[in-house]
Structures are given as structure tokens and as C-alpha cells.
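Working notes for the structure below.
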Amino acid sequence: MAVEDEEPEPGTDRPELTVVADMSLCDGYGECVKAAPAVFALDDDGYVLIKDPNVSEEEEARVIRAVSRCPKGVLTLLADGKPVDIP
């Protein structure tokens, strides 16, 4: 018998977060790598590479910091595929 009033497991109501980059804007400042080195790297030409676009709960705060610090607005955080407004 299923109990419908059970609380959802922690973390199951968290939206799926992904990060994307508009490479036409990147000037290679590297602020993203400084903020979240587990998620971002620079390629041989000095432009951002996203190691894994799926943002873990563990990396969420660092990715938000990276998105907000990018001086060219290259990065966008998506929640369930929709852009997140980060001040």
C-alpha cells in the first residue's frame, strides 16, 4: 500500500540545473575557472570549456558565482531548461 502523504526525498524537488556558454561572447578572462574549476576550464586558445553542463548540488553555489562574475555574460544557468536570472 502506497502512502500518498509521504514527504518527498530530500533533493528530489530540486530543478535540473545546467550551464551553457555563448562562445561568440567569450574573451577568455577565466573568471569562471577561478570560481568553479571543477566545472570550467580554458581551451588551448584561452576560451571557456564546460567540463560537465549538469550542475550538481555540490557545485551550484560556485557555478552561480561563475555566471555572475563573467564580465562578458558568456554563461547562462538554466533550471529545467529555462534561464535563471542571476543578479
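All heavy atoms count here, side chains included; hydrogens, waters and symmetry mates do not.
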Any side-chain to backbone donor/acceptor pair from [X] onto [Y]? Under 3.5 Å, distance only.
| X | Y | answer |
| --- | --- | --- |
| Asp27 | Tyr29 | no |
| Lys51 | Pro37 | yes |
| Asn54 | Thr18 | no |

With a 4.5 Å heavy-atom cut-off, do [X] and [Y] have their side chains touching?
| X | Y | result |
| --- | --- | --- |
| Asp80 | Glu16 | yes |
| Phe40 | Ile50 | yes |
| Thr76 | Asp22 | no |

What distance separates [X] [atom1] from [Y] [atom2], expressed to the nearest 0.5 Å?
| X | Y | atom1 | atom2 | result |
| --- | --- | --- | --- | --- |
| Leu17 | Glu57 | CG | CD | 9.0 Å |
| Asp45 | Cys26 | CG | SG | 10.5 Å |
| Leu49 | Cys32 | CG | SG | 9.0 Å |

Residue pairs, two or more places apart or on separate chains, that pass side-chain hydrogen bond (donor to acceptor under 3.5 Å, both in side chains) and touch residues 59-69: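 Sorted result for residues 59-69: Arg14-Glu60, Glu59-Arg62.
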Going hydrophobic residue to hydrophobic residue with side-chain gaps under 4.5 angstrom, can you get from Val20 over to Val55? no
In the single-linkage hydrophobic clustering (I, L, V, M, F, W, Y; side-chain heavy atoms under 4.5 Å), do Leu78 and Val63 co-cluster? no
Heavy-atom pair of closest approach, residues Ala21 and Val48: CB-CG1, 4.1 Å
